[in-house]
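Every heavy atom of this structure was used, including side-chain atoms; hydrogens, water molecules and symmetry mates were not. Keep in mind that what you see is a predicted model, and the values were worked out from it rather than measured.
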Amino acid sequence: MKYPSVNLGKVYMNKPAAVEKYEIYNQTDSDIIFSDEYVAPDHIKISFEPMTLPAKTAGNLVVTYDAAIKNDYGFMNDRISFQTNEPEGEVKELTVYATIEDYFGPIPPEELSEVPRLKIENAVHDFGRVSNEKESKYIFVVKNTGNSDLIIKKISPNCACVTGVLSTEIIKPGQEAKLDVVFNPEGRRGNQQKSITLYSNDPRSSAQRITIKAYIQD
């Protein structure tokens, strides 16, 4: 394979499992036979086309990813491994990346006014110059400007140095919630930019991001 990983991009919790093919090539002078057995989490299945790959021939690794079984939102990475009949290095390891969201189909115009709407006030905050010995905190305001309940399904930071706690996961129409964000600068230095993604049932924009910035000084 060209790379030691594959990226399925966006896959959807409420759609059938995603199926993607990735080219593999046998650069040896002998047939490569893939084993039916492999190691992968329950939501990932793999197969090979063909199961016996002739010398100097291209084939496909087929990856099937079922987001409903994974039952999570956001950026995911999983390790899988499989075997061949090669005398050396017969166990191959691979990382599978995917971003899980909900799929929302086209909304009839007459229903647009009834859906929930996620709005984040001032979605970017710059802490400025901060000490590397003290946590920085900020409260973001999350509003529901729609006409039905807004459900926040997951809060997903892109770094362990950032945490976010929402005052409520269900926001009534016209109401708001507070998102308490804490940035821990320990072990970091210089310019920092981190984000938290909120996944909700807003059909127009179900994944929205807030960004925090800081310059850490000794």
Side-chain angles (χ1 to χ4, degrees), residues 7-20 41-44 65-78 97-128 130 134-185 192-214:
N7 193 334
L8 283 82
K10 286 185 179 181
V11 296
Y12 297 99
M13 181 80 73
N14 53 344
K15 292 188 73 174
V19 181
E20 296 289 344
D42 291 342
H43 60 284
I44 297 176
Y65 193 106
D66 195 327
I69 294 177
K70 179 67 172 177
N71 194 28
D72 202 352
Y73 291 90
F75 182 73
M76 304 293 163
N77 67 84
D78 295 282
Y97 297 106
T99 300
I100 302 177
E101 296 183 6
D102 278 327
Y103 173 77
F104 297 92
I107 304 172
E110 64 273 15
E111 296 180 11
L112 281 175
S113 61
E114 300 303 318
V115 301
R117 298 292 301 273
L118 170 62
K119 180 178 175 58
I120 302 172
E121 292 288 326
N122 302 318
V124 179
H125 178 73
D126 192 341
F127 288 112
V130 299
K134 184 179 179 181
E135 293 180 340
S136 297
K137 301 179 181 180
Y138 187 75
I139 297 176
F140 290 88
V141 177
V142 180
K143 295 183 176 181
N144 179 8
T145 60
N147 289 309
S148 59
D149 287 357
L150 176 69
I151 302 172
I152 307 299
K153 299 182 176 182
K154 185 178 180 181
I155 300 170
S156 181
N158 70 344
C159 175
C161 61
V162 178
T163 59
V165 178
L166 197 63
S167 57
T168 179
E169 295 178 350
I170 300 177
I171 307 174
K172 296 292 184 180
Q175 300 297 309
E176 63 183 40
K178 294 181 178 180
L179 178 64
D180 290 282
V181 173
V182 178
F183 171 58
N184 183 351
Q192 303 289 315
Q193 180 169 308
K194 307 300 178 185
S195 65
I196 297 178
T197 303
L198 276 65
Y199 294 90
S200 75
N201 65 332
D202 178 350
R204 283 187 164 183
S205 185
S206 64
Q208 293 191 36
R209 180 179 299 170
I210 66 171
T211 301
I212 60 170
K213 302 177 181 180

Straight-line distance of L179 CG to I152 CD1, nearest 0.5 Å: 9.0 Å
Under 4.0 Å between a side-chain nitrogen and a carboxylate oxygen: does that hold for K154 and D72? yes
Correct closest heavy-atom pair for A123 and R209 would be CB-O, 3.9 Å
K194 and C159: which non-hydrogen atoms are nearest, and at how many Å? CD-CB, 3.9 Å
On the 0 to 90° scale, with breaks at 30° and 60°, tag the Y103-Y12 ring pair as parallel, tilted or perpendicular. perpendicular
d(S195 OG, Q208 CD) to nearest 0.5 Å is 13.0 Å
Given 3.5 Å as the limit, does a donor-acceptor pair link the side chain of N147 with the main chain of S113, or not? yes
When you measure from the side chain of S167 to the backbone of A177, do you find a donor-acceptor pair of N or O atoms at a distance under 3.5 Å? no
Would you mind reporting whether N144 and Q175 have side-chain heavy atoms less than 4.5 Å apart? no
Please confirm whether the backbone N or O of K70 pairs with a side-chain atom of D66, one donor and one acceptor, at under 3.5 Å? no
Using side chain to side chain contact (heavy atoms under 4.5 Å, CB included), reason through H43 and N71 one step at a time and then give a plain yes or no. CA-CA 9 Å; H43 60 284; N71 194 28; over 6 Å; no
Output for pair (I171 CD1, L166 CG), nearest 0.5 Å, gives 5.5 Å
Ignoring hydrogens, what is the shortest heavy-atom contact between V124 and F140? Give both atom names and the distance. N-CE2, 4.3 Å
Value for CD (E169) from CG (D149), rounded to nearest 0.5 Å, stands at 13.0 Å
Test I210 against every option in V181, N122, I155 by the side chain to side chain contact (heavy atoms under 4.5 Å, CB included) rule and name the one that passes. V181
4.5 Å side-chain heavy-atom contact, N158 and T197: no
Quick one: do I212 and Y138 satisfy side chain to side chain contact (heavy atoms under 4.5 Å, CB included)? Show the steps, please. CA-CA 9 Å; I212 60 170; Y138 187 75; 5.8 Å; no
Do M76 and Y97 have side chains that approach each other closer than 4.5 Å (heavy atoms only, starting at C-beta)? no
Rounded distance (nearest 0.5 Å) linking atom CD1 of I170 with atom CG of N201: 9.5 Å
Any ion pair linking K119 and D202 (charged N to carboxylate O, less than 4.0 Å)? no
May I ask you to check whether D102 and Y73 show a side-chain donor-acceptor distance below 3.5 Å? yes
Are any non-hydrogen side-chain atoms of V142 and K178 less than 4.5 angstrom apart? no
Looking only at heavy atoms, what is the nearest atom pair of K134 and P185, with distance? O-CG, 3.3 Å
Close side-chain approach of I196 and L198, heavy atoms under 4.5 Å: yes
What distance separates C161 SG from F183 CZ, expressed to the nearest 0.5 Å? 5.0 Å
Excluding sequence neighbours, so at least two apart, what forms salt bridge (Lys or Arg N to Asp or Glu O under 4.0 Å) with K213? none
Which atom of S156 lies closest to which atom of Y199, heavy atoms considered: CB-CE1, 3.9 Å
Ignoring hydrogens, what is the shortest heavy-atom contact between K143 and L150? Give both atom names and the distance. O-CD2, 3.9 Å
Do I44 and D78 have side chains that get closer than 4.5 Å, going by heavy atoms? yes
For atom CG of D42, is the number of surrounding heavy atoms from other residues, nucleotides or ligands below 6.0 Å larger than 12? no
